[in-house]
> 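Below is one structure. I have some questions about it.
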Number of protein chains: 2
Amino acid sequence: MGKRKTTPLKDHAPDGHHCTLELKTTKLGMVSFFRDLKQDELDQIVKRFSANHYQAGDEIYYQGEPARYLRVVVEGAVKLLEYTEEGKDVVLDILNPGSYFGSLKLLGSDVYTESAVAQSGSCILSIGLKDFREILQGFPSVGIAILDTSAEKLRSSQEHIKQLTTEPVETRIANILLTLSEKFGENKEEGTLIQLPFSRKDLADMAGTTTESASRVMSNFQKEGIIDTGRQWVEVEDIEQLKAIIQK
Amino acid sequence: MGKRKTTPLKDHAPDGHHCTLELKTTKLGMVSFFRDLKQDELDQIVKRFSANHYQAGDEIYYQGEPARYLRVVVEGAVKLLEYTEEGKDVVLDILNPGSYFGSLKLLGSDVYTESAVAQSGSCILSIGLKDFREILQGFPSVGIAILDTSAEKLRSSQEHIKQLTTEPVETRIANILLTLSEKFGENKEEGTLIQLPFSRKDLADMAGTTTESASRVMSNFQKEGIIDTGRQWVEVEDIEQLKAIIQK
DNA sequence: GCACTAAAATGATGTATATCAAATTAGTGA
DNA sequence: TCACTAATTTGATATACATCATTTTAGTGC
């Protein structure tokens, strides 16, 4: 259990100077649905995207706004969430580089149904839906690949539903920690540091519980040596025990 | 409040004689993602589908089976659900005619992650994924339309998550009744009969609660004159009051 | 190293809903 | 019309978790 003086998290790209065309080209090829394209095809597509940098906490879009872009995380992390009338936030997902978000409603016009916030300093690519439709028309294989990822998104959303209805808070949180360490994990001597700033409130909003309950669960995990944690950071020390909690 | 001697539900197609090629052709055009095709294009596509009839309660596929088909409900209703280890059933959706289900994972092989059960006598079309991939390659507009519906599915799944984490059982059930009456409602003198057999347990599995809690909520709704209900059937008498519960 | 502050932890209490148990009844089929 | 049975209802009790209130502390910036 470390008594540290500073966050173990790295100060993630506070400026956006690197969020450039070169990065676009190198990173866009990593996105699953462009993976099978040839280099010259990819180049054509890259041109249609524009890159933007967001600071941690910046709103990328807000629920209710007209949905005009499809976006891809190239660096950093993006939180998708719904703000409810009563002031509760429901976090739907936290996206890592390579994930797409925004709108896929290519027919007719639509509105974003969730909000997107940069969870850490992030470089995001966007493409207008009209441009994207043209890409799909030109490269049917891209459409098939996206269909695949979007089926995967539906799947994970359904898993979320299942957890909310069948698992207690402790298990749900264990699951979240496991997923986050897969998405954002960085190997350290003592364990896996989740390279993503997130508070107890964020965790609670992901698990569908309260800050206090999340805090209690995390305290227990730390007492049992499963994690080491501080403000906005978590390091998983004993993945096996975490998995055991999920199974039982 | 009716004291009836028999179910008001119609005995939905216990035989499958009508579940034929003609039905395929007429109904497939109604499916949103084939809607924009010309008649001769549609005819080509129809040939690749085969039709099957299922009795209420029949398993169409089971979670864990290799996922080889994409299916479309042409008549009846299909329940998508996950059976958990501890014996709890989580109902993800109840599909009405025109909805697709099954696999969209066209790349590589996969396994069904949920189970599908005919909720009433149903006529279902299926197409092998290889055939379907060919259709997509031939008609990119179909791909775009499916992307659209699958975005819609994700949306409704996220709405489900939001409800589970922010709304009490009563509100969740009110919402389900409203949705079902939109999907399966049949106008009667007294109100809207939900033309779909579903038990308190089904309702509970949809709302993520227990049979007993679902029953208590339904009893109250009936006392307040919002619904009339019996075994496996519900008629909504006062939609406005239902909506009021959802809002408040 | 020290003071500062928002994040996190902890404690006491309340409540919605689950659980367990039993009684009632709707709708069937003879 | 009647007996039958699974679906539904109802009641009593338990419990996980929320809520409210307060204290503690990690990590920053000076």
Side-chain angles (χ1 to χ4, degrees), chain A residues 1-11 14 56-57 84 86-90 163-174 197-205 207-224 227-235 245 248, chain B residues 1-11 14 56-57 84 86-90 163-174 197-205 207-224 227-235 245 248:
Chain A
M1 239 192 295
K3 277 270 154 304
R4 329 198 187 205
K5 306 235 148 58
T6 58
T7 294
L9 294 181
K10 70 171 76 126
D11 197 2
T84 72
E86 311 86 46
K88 275 193 195 176
D89 300 351
V90 180
Q163 298 228 355
L164 285 169
T165 56
T166 63
E167 308 291 356
V169 168
E170 183 184 62
T171 311
R172 273 151 38 206
I173 289 186
F198 66 105
S199 64
R200 293 295 179 266
K201 173 163 195 315
D202 288 320
L203 189 57
D205 293 343
T209 183
T210 57
T211 324
E212 294 93 331
S213 292
S215 178
R216 283 180 236 270
V217 170
M218 294 295 273
S219 295
N220 291 339
F221 284 175
Q222 186 156 44
K223 269 180 214 127
E224 291 163 35
I227 61 170
D228 186 14
T229 180
R231 295 188 177 196
Q232 312 252 44
W233 63 268
V234 179
E235 183 171 317
I245 288 168
K248 81 157 176 231
Chain B
M1 237 193 295
K3 277 270 149 314
R4 328 197 187 206
K5 306 234 149 56
T6 58
T7 292
L9 295 181
K10 70 169 77 119
D11 196 4
T84 70
E86 312 87 44
K88 275 193 195 175
D89 300 350
V90 181
Q163 298 228 355
L164 285 169
T165 55
T166 62
E167 308 292 355
V169 168
E170 183 184 61
T171 311
R172 274 153 34 207
I173 288 186
F198 66 104
S199 64
R200 293 295 179 266
K201 174 163 194 313
D202 288 320
L203 188 57
D205 293 343
T209 182
T210 57
T211 324
E212 292 93 331
S213 292
S215 178
R216 282 181 236 270
V217 170
M218 294 296 273
S219 295
N220 291 339
F221 283 176
Q222 186 156 43
K223 270 181 212 124
E224 292 164 33
I227 60 169
D228 187 13
T229 180
R231 293 184 180 199
Q232 313 252 45
W233 62 269
V234 179
E235 182 170 317
I245 288 168
K248 83 161 176 228

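The structure displayed is predicted, hence computed values, not measured ones. Per chain, numbering begins at 1; letters A, B, ... match sequence-line order.
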> Among C:dA7, C:dA21, D:dA7, find the nucleotide with the atom closest to the side chain of A:Arg231.
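Nearest to the side chain of A:Arg231 among the choices is C:dA7.
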
> Rounded to whole Å, how long is the line connecting atom CZ of A:Phe198 with atom P of C:dA6?
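For the pair A:Phe198 CZ and C:dA6 P, the rounded distance is 22 Å.
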
> Classify A:Gln232 by what it touches in the nucleic acid, base, sugar-phosphate, or nothing, heavy-atom distance under 4.0 Å.
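It contacts sugar-phosphate atoms only.
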
> Would you say B:Thr229's side chain and B:Trp233's backbone share a donor-acceptor pair under 3.5 angstrom?
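Judged by distance alone, yes, a pair lies under 3.5 Å.
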
> With no hydrogens and no angle check, do the side chains of B:Thr210 and B:Arg200 hold a donor and an acceptor under 3.5 Å apart?
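The criterion, which ignores hydrogens and geometry beyond distance, is not satisfied for B:Arg200 and B:Thr210.
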
> Measuring to OP1 and OP2 of C:dA26, would you say a side-chain N or O of B:Trp233 lies under 4.0 angstrom away?
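So the side-chain polar atoms of B:Trp233 never come under 4.0 Å of the phosphate oxygens OP1 or OP2 of C:dA26.
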
> Starting the side chain at C-beta, find the nucleotide from D:dT8, C:dG11, C:dA9 nearest to B:Arg200.
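Nucleotide nearest to B:Arg200's side chain: D:dT8.
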
> How many Å lie between CG on A:Leu164 and P on D:dA16, as a whole number?
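My rounded result for the distance is 18 Å.
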
> How close or far is atom P of D:dA18 from atom CD of B:Glu167, stated in whole angstroms?
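Roughly 15 Å, once rounded to whole Å.
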
> Taking only the side-chain nitrogens and oxygens of A:Thr211, find out if one of them lies under 4.0 Å from OP1 or OP2 of C:dA8.
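It does not, given that no N or O in the side chain of A:Thr211 lies less than 4.0 Å from OP1 or OP2 of C:dA8.
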
> Once you apply a heavy-atom cut-off of 4.0 Å, does B:Thr209 come out as touching a base, just sugar-phosphate, or nothing?
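Counting heavy atoms under 4.0 Å across all strands, the contact made by B:Thr209 is with sugar-phosphate only.
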
> Taking the side chain as everything from C-beta on, heavy atoms only, tell me whether A:Val234 gets closer than 4.5 Å to A:Met218.
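The answer is yes, as the side chains (C-beta and beyond) meet within the 4.5 Å cut-off.
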
> Could you check whether B:Ser215 gets within reach of a base, just the sugar-phosphate, or nothing at all, counting any heavy atom under 4.0 Å?
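Base, at least one base heavy atom under 4.0 Å.
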
> Without decimals, in angstroms, what is the distance between A:Glu212 CD and C:dT15 P?
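So the two atoms are 16 Å apart, to the nearest Å.
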
> Is the backbone N or O of A:Lys201 less than 3.5 Å from a side-chain atom of A:Ser199, with the two atoms forming a donor-acceptor pair by type?
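Side chain of A:Ser199 to backbone of A:Lys201: a pair is present.
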
> Using a 4.0 Å heavy-atom cut-off across all strands, classify A:Ser199 as base, sugar-phosphate, or nothing.
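Since only primed, P, OP1 and OP2 atoms lie under 4.0 Å of A:Ser199, the category is sugar-phosphate.
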
> Roughly how many Å is it from NZ in A:Lys88 to P in D:dC17, rounded to a whole number?
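Taking NZ of A:Lys88 and P of D:dC17, I get 14 Å after rounding.
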
> Just checking A:Ser219: base, sugar-phosphate only, or nothing, at a heavy-atom cut-off of under 4.0 Å?
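Sugar-phosphate contact only.
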
> Find which nucleotide of DNA chain C each of A:Ser213 and B:Glu170 is nearest to by heavy atoms, and output the residue with the more 5' nucleotide.
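In this pair, the answer is A:Ser213.
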
> Counting just side-chain N and O atoms, does A:Thr7 come under 4.0 Å of either OP1 or OP2 of D:dT28?
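Yes, because at least one side-chain N or O of A:Thr7 sits under 4.0 Å from OP1 or OP2 of D:dT28.
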
> In whole angstrom, what separates B:Arg216's CZ from C:dA23's C1'?
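Distance, rounded to whole Å: 13 Å.
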
> Could you tell me the separation between the CG atom of A:Leu203 and the C1' atom of C:dA9, rounded to a whole number of Å?
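To the nearest whole Å, that distance equals 14 Å.
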
> In whole Å, I'd like the distance from the CG atom of B:Asp205 to the C1' atom of C:dT17.
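Answer to the nearest Å: 16 Å.
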
> Going from OG1 on B:Thr211 to CZ on B:Arg216, what distance comes out if it is rounded to the nearest 0.5 angstrom?
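Going from OG1 on B:Thr211 over to CZ on B:Arg216, the span is 10.5 Å.
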
